[in-house]
Amino acid sequence: MTQPRAVYIHVPFCAHRCGYCDFTLIAGRDDLAGAYLDALQAEIERSPLTEPLDTLFLGGGTPTQLDEPHLQRLLDVLCSAFRFSPDIEFNVEANPDGLTDAKLDALADAGVNRLSLGVQSFEGRFLSLLERRHSSASAVDAFNRCRSRFPNVSLDLIFAVPGQTLDDWRRDLQTAIDLQPNQVSTYGLTFEKGTTFWTRREKGQLDQADDSLEREMYGAAMDQLAAAGFEHYEISSFAQPGFRCRHNQVYWNGGEYLGFGPGAASFVGGVRWQNHRSTTTWIRKILAGKDAVGDREQLDPEASARERLILGLRQIEGIDVTAFQAQTGFALEALGGEVLGQLQTQSLLELTNGVLHLTREGRFFYDTVAAELV
Ligand code: SF4
């Protein structure tokens, strides 16, 4: 049986939960780092991988929230548990806050070659509003310190922040471009139920940007980043040629992957499972020798094909209709039925030379397209 060659490690720690964030994380509980690492090591040892990894992605939470000894232990666990292929893409997500040179050196020494920095904005008032703990100056400083150590550095930005104008957003984009990252990822702010932003919006304390402004902002990102030489390769992702994120492409191309840590998802042999999202539950179960999986689902061939269609459409280059049928056994027209035609009539999808892809307008409405095709 083949083994996945892509691994995701979820590191759930953050100093503080930003008001808009609903990720799987535990804030202000750095005291759990030792138990987390014990559990992570145990979970990895249960699923030994002998094949070398092509991609390894440490996400969060904030992996670099771990203090230096715990970060070093995490890297030691990973480097001894996995074999790396010679051209592995070894990614780590980081925050400017608390990103010491010693942590960056430890990452570089362990072979990390792609650093994804969560900057979100370069304007102090929006950083405060988003409850980020770094300043614009410390984000630029962190970026430059990453740039000198890693061959591939990516920046994340958020748009449609309450009160942000189109000009504010264009300035953020330009500041990012001037830093010359290898990738820029842009996300429209969402208000998720259960977050403090959701509650504050309900109470009238925060104004959500209207749809038309958000669309203009997304359009500005597409235009400004393209003009600066970035390829728009996935709805939220713009990369310099040769710097696309290979790990994320595994997800979008329907590839197999293993995830470790609380809330981490895996997809192997048509089965998808996700660990318990609660860090404490996950630690307790793993250390007690129990199964820490929260959900498990065997996808039938049609569900697999549908998922592949939906994930594949996230990629701007779209889906080759002939290759899709050869790989999944399903013709796109049969799977999408009338809905495919309707989405094309609405100018959200387009079929060009045997490739189905989102239109420029459709990129903004991807969630609608995906919901129609489920
Ligand atoms: S730093 Fe990132 S993961 Fe942590 S709470 Fe803020 S947005 Fe969420």
Side-chain angles (χ1 to χ4, degrees), residues 8-33 36 40 57-67 70-71 74 91-100 103-104 107 114-136 138-143 146 153-162 164 172 176 181 183-201 206 208 236-237 245 247-248 259-265 274-280 282:
Y8 174 78
I9 306 290
H10 193 75
V11 187
F13 302 102
C14 283
H16 151 87
R17 184 181 282 274
C18 305
Y20 58 91
C21 180
D22 76 336
F23 290 172
T24 299
L25 64 92
I26 189 157
R29 289 299 311 270
D30 293 358
D31 57 299
L32 291 174
Y36 160 80
L40 185 73
F57 196 111
L58 275 58
T62 308
T64 52
Q65 174 65 21
L66 292 173
D67 62 17
H70 286 115
L71 183 63
L74 170 65
N91 287 273
V92 175
E93 289 181 343
N95 258 330
D97 185 31
L99 194 58
T100 62
K103 289 183 188 179
L104 292 175
L107 295 173
R114 187 174 189 277
L115 210 292
S116 170
L117 196 61
V119 169
Q120 317 314 355
S121 175
F122 290 102
E123 287 214 31
R125 60 198 159 121
F126 299 126
L127 289 170
S128 305
L129 196 148
L130 292 168
E131 302 176 21
R132 308 289 298 179
R133 297 198 153 185
H134 60 267
S135 65
S136 175
S138 64
V140 171
D141 172 62
F143 177 84
C146 292
V153 183
S154 166
L155 284 183
D156 287 0
L157 294 177
I158 290 181
F159 61 94
V161 179
Q164 189 181 37
D172 265 353
Q183 171 160 326
V184 178
S185 301
T186 65
Y187 302 96
L189 181 68
T190 54
F191 289 75
E192 305 294 341
K193 206 164 184 179
T195 62
T196 57
F197 266 35
W198 172 280
T199 311
R200 290 175 65 193
R201 187 188 62 177
L206 282 180
Q208 185 167 0
S236 307
S237 313
C245 178
H247 184 82
N248 286 339
F260 300 97
Q274 184 176 19
N275 283 345
H276 273 285
R277 279 176 59 114
S278 155
T279 298
T280 47
W282 172 83

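We use all heavy atoms of the structure for the numbers below, so side chains are in, but hydrogens, waters and symmetry mates are not. The chain is numbered in sequence order, starting from 1. Ligands are counted one by one from 1 in listed order, and the atoms in each one are counted from 1 as well.
- The atoms of ligand 1 that sit less than 4.0 Å from any heavy atom of Tyr20 are 7 (S).
- Side chain of His10 to main chain of Thr24: a donor-acceptor pair is present (N/O by atom type, distance under 3.5 Å, no hydrogens or angles).
- At distances below 3.5 Å, not a single donor-acceptor pair connects side-chain atoms of Ser154 with backbone N or O atoms of Ser116.
- Using a 4.0 Å cut-off to heavy atoms of Leu25, the atoms of ligand 1 that qualify are 3 (S), 4 (Fe), 5 (S), 8 (Fe).
- Ligand 1 lies out of reach of Gly118, whose nearest heavy atom is not under 4.0 Å from it.
- Residue contacts with ligand 1 include Arg132, since one of its heavy atoms falls under 4.0 Å from the ligand.
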Begin with the C-alpha distance, continue with both residues' side-chain angles, and end with the deciding distance and a verdict on side-chain hydrogen bond (donor to acceptor under 3.5 Å, both in side chains) for Asp30 and Gln65.
-> CA-CA 8 Å; Asp30 293 358; Gln65 174 65 21; 2.9 Å; yes

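- Residue contacts with ligand 1, taken as heavy atom pairs separated by less than 4.0 Å, involve Cys14 solely via side-chain atoms from C-beta onward.
- Of the protein's heavy atoms, Cys21 SG, 2.3 Å lies nearest to atom 8 (Fe) of ligand 1.
- His247 and Phe57 have tilted rings, their planes meeting at an angle from 30° to 60° on a 0 to 90° scale.
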Step-by-step ring-ring contact (aromatic ring centres under 6.0 Å, His included) determination, Tyr20 to Trp198 = CA-CA 8 Å; Tyr20 58 91; Trp198 172 280; over 10 Å; no

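- Atoms of ligand 1 found under 4.0 Å from any heavy atom of Thr62, numbered from 1 in the order shown, are 1 (S), 4 (Fe).
- For Ser138 (side chain) and His134 (main-chain N/O), no donor-acceptor pair under 3.5 Å exists by modelled atom type.
- Atom 6 (Fe) of ligand 1 has no N, O or S atom of His16 inside 2.8 Å of it.
- Contact annotation: Cys18 places no N, O or S atom under 2.8 Å from atom 8 (Fe) of ligand 1.
- In this structure, the separation between CZ on Arg114 and SG on Cys146 is 12.0 Å, given to the nearest 0.5 Å.
- Against a heavy-atom cut-off of under 4.0 Å, Asn95 is close to the following atoms of ligand 1: 1 (S).
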